Amino acid sequence: MQRQSTKLRALLKAKKFLHMPSVYNVIGARLVQSLGFEAVYIGGYVTGASTAITEPLLTMNEQIDPARDIADRIDIPLVADAGSGWGEPIHTMRTVREFIKAGVASVHIEDALFPKRAHYHKYVVHGIPLDEYVEKIEYACKERDRSDPDFVVIARTDTCRALGLKEAALRLNKAADVGADMGLLFPRTREEAEAAPKACKLPLVYVQSRGNRDGRPIISRKELEQMGYVACIEAQVTLCTEFHFLKKALTELRNTGDYTGMTNADYV
């Protein structure tokens with residue numbers, strides 16, 4: 001059976017733009033697959049929020065276990081959020097190895113301090129020094145080469161939020177030098193979003209965070225392709241949409257004893 005990582009490599013080689021909704025369970029991933037998306041993503045945000053644990057407190061197993069369940073039940077590649085690799089470079093090697101064993105096709109590894117601070121979700125940036133980050137990515141790539149050469153290592157930096165595009169691009173370019181396959185950063189403005197693919201050696205993933213509080217622009221898939229991005233993660237679209245409509249349905253059910261938002265035929 002072909003590895004999902006091999007499928008992902010083939011999609012990237014064919015220059016197929018990857019539009020990846022973020023899910024946290026198997027049924028969501030199966031729905032994404034059934035609608036023709038090229039790949040699917042599991043983020044730390046949705047895993048933490050859906051379990052009411054919150055991302056900064058997640059353990060490696062709490063992220064890998066749902067990823068394993070999803071990867072085992074879909075035919076499209078799964079990309080996963082591997083946080084800060086759960087430690088130092090040697091811990092990051094084990095993190096990559098465990099995600100590969102779980103059948104995941106790719107992970108992104110970031111330069112946030114580990115353990116993550118509780119106010120991470122307020123966009124407070126605690127970036128580790130550049131040399132430490134590069135070493136972490138280097139060790140992740142060593143494990144990729146040893147365990148599954150097709151596995152895709154995505155270098156992520158959060159520093160654009162605090163230090164600007166120049167610093168973020170520098171970090172991704174250094175990560176490219178030690179073997180990273182793709183990059184991910186967080187442009188603060190549309191101008192930075194347009195400039196980022198030109199400033200970075202790595203093909204970039206854009207993170208679409210609908211409802212974000214730092215003003216990061218929401219950009220259509222067509223526009224992202226024109227800018228030079230190769231993939232887009234839809235970070236909150238499934239979790240927040242599900243919560244919004246589930247709340248409406250349950251409120252009606254509680255208040256009236258009935259739910260009229262779907263017909264019997266809609267349930268089939």
Side-chain angles (χ1 to χ4, degrees), residues 20-32 39-74 78-128 133 136 140 154 156-158 161-162 184 186 205 207-214 216 233-251:
M20 302 180 287
S22 181
V23 302
Y24 57 91
N25 57 24
V26 174
I27 192 168
R30 291 287 289 265
L31 179 58
V32 167
V40 67
Y41 172 78
I42 179 170
Y45 174 83
V46 295
T47 305
S50 66
T51 53
I53 292 173
T54 191
E55 182 177 3
L57 303 182
L58 285 178
T59 66
M60 181 172 68
N61 284 346
E62 286 169 336
Q63 181 69 348
I64 286 181
D65 288 347
R68 179 185 298 108
D69 290 341
I70 292 169
D72 186 52
R73 292 169 177 84
I74 59 174
L78 174 65
V79 177
D81 181 350
S84 300
W86 282 277
E88 300 296 325
I90 193 72
H91 301 91
T92 303
M93 291 185 80
R94 190 207 167 190
T95 295
V96 169
R97 183 163 63 249
E98 295 299 330
F99 272 102
I100 289 172
K101 287 165 60 178
V104 173
S106 170
V107 296
H108 63 67
I109 297 165
E110 65 200 44
D111 54 1
L113 186 68
F114 181 84
K116 286 185 177 179
R117 299 298 183 257
H119 53 317
Y120 169 82
H121 283 308
K122 292 186 177 181
Y123 307 127
V124 177
V125 176
H126 297 284
I128 61 175
Y133 172 59
K136 188 175 287 193
I154 303 171
R156 165 179 161 170
T157 178
D158 286 19
R161 287 168 165 162
L184 187 161
F186 294 87
V205 181
V207 178
Q208 201 90 275
S209 297
R210 301 174 191 276
N212 74 80
R213 290 165 290 173
D214 64 350
R216 188 150 28 95
I233 290 168
E234 293 279 353
Q236 282 99 4
V237 69
T238 60
L239 179 73
C240 291
T241 302
E242 288 170 16
F243 188 88
H244 173 76
F245 286 100
L246 184 58
K247 183 179 180 181
K248 289 182 67 174
L250 291 175
T251 299

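All figures in this text were calculated on a predicted structure; none of them were measured in a lab.
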So do V205 and I233 actually touch side chain to side chain, heavy atoms under 4.5 Å? yes

For the residue pair V79 and I154, what are the closest heavy atoms and their distance? CG1-CD1, 4.0 Å

Write down the atom of A112, the atom of S84, and the distance for their closest heavy-atom approach. O-OG, 2.9 Å

Measuring from atom CH2 of W86 to atom NE2 of H91, what distance do you get when rounded to the nearest 0.5 angstrom? 12.5 Å

What pair of heavy atoms forms the shortest contact from G48 to L58, and how long is it? N-CD1, 3.9 Å

Determine whether more than 12 heavy atoms belonging to other residues, nucleotides or ligands lie under 6.0 Å from atom CZ of R30. no

Return all side-chain donor-acceptor pairs below 3.5 angstrom for residues 237-244, not counting sequence neighbours, or 'none' if the list is empty.
unit_1	atom_1	unit_2	atom_2	d
T238	OG1	S22	O	2.4
T241	OG1	V237	O	2.5
E242	OE1	Y24	OH	2.5

Check: M60 and R94 side chains under 4.5 Å, non-hydrogen atoms: yes

If you compare all heavy atoms of F99 against all heavy atoms of A80, which two are closest, and at what distance to 0.1 Å? CE2-CB, 3.6 Å

Has K136 got a side-chain atom pairing as donor or acceptor with E88's backbone, closer than 3.5 angstrom? no

Those residues at least two apart in sequence (or on a different chain) that pass side-chain hydrogen bond (donor to acceptor under 3.5 Å, both in side chains) with E234 are H19, R210

Flag yes if more than 12 heavy atoms outside I27 fall under 6.0 Å of its CD1 atom; otherwise flag no. no

Keeping the roles fixed (side chain from R216, backbone from V207), state whether a donor-acceptor pair exists under 3.5 Å. yes

Can you measure from OG1 (T47) to CG (N25) and round to the nearest 0.5 angstrom? 10.0 Å

Taking side chain as C-beta onward, heavy atoms only, is I109 less than 4.5 Å from T92? yes

Donor-acceptor pair, side chain of R73 and main chain of D69, under 3.5 angstrom: yes

Minimum heavy-atom distance between A67 and V104, given as atom pair plus value: CB-CG2, 4.0 Å

Roughly how far, to the nearest 0.5 Å, is CD1 of I42 from CD1 of I70? 4.0 Å

Going from OG on S106 to CG on D81, what distance comes out if it is rounded to the nearest 0.5 angstrom? 11.0 Å

Check: H108 ring centroid to Y41 ring centroid under 6.0 Å: yes

Say you draw a straight line from CZ of F186 to CZ of R156; how long is it, rounded to the nearest 0.5 Å? 3.5 Å

Take L184 and T157 through the test side chain to side chain contact (heavy atoms under 4.5 Å, CB included) and record every step on the way to the result. CA-CA 6 Å; L184 187 161; T157 178; over 6 Å; no

Quick one: OG1 on T95 to CZ on R97, what's the gap to the nearest 0.5 Å? 9.0 Å

Looking at side-chain heavy atoms only, is the closest gap between I74 and V40 below 4.5 Å? yes

For E62, all residues meeting side-chain hydrogen bond (donor to acceptor under 3.5 Å, both in side chains), sequence neighbours excluded: T59

Could you report the tightest heavy-atom contact between A102 and I64, atom names first, then the distance? CB-CG2, 4.1 Å

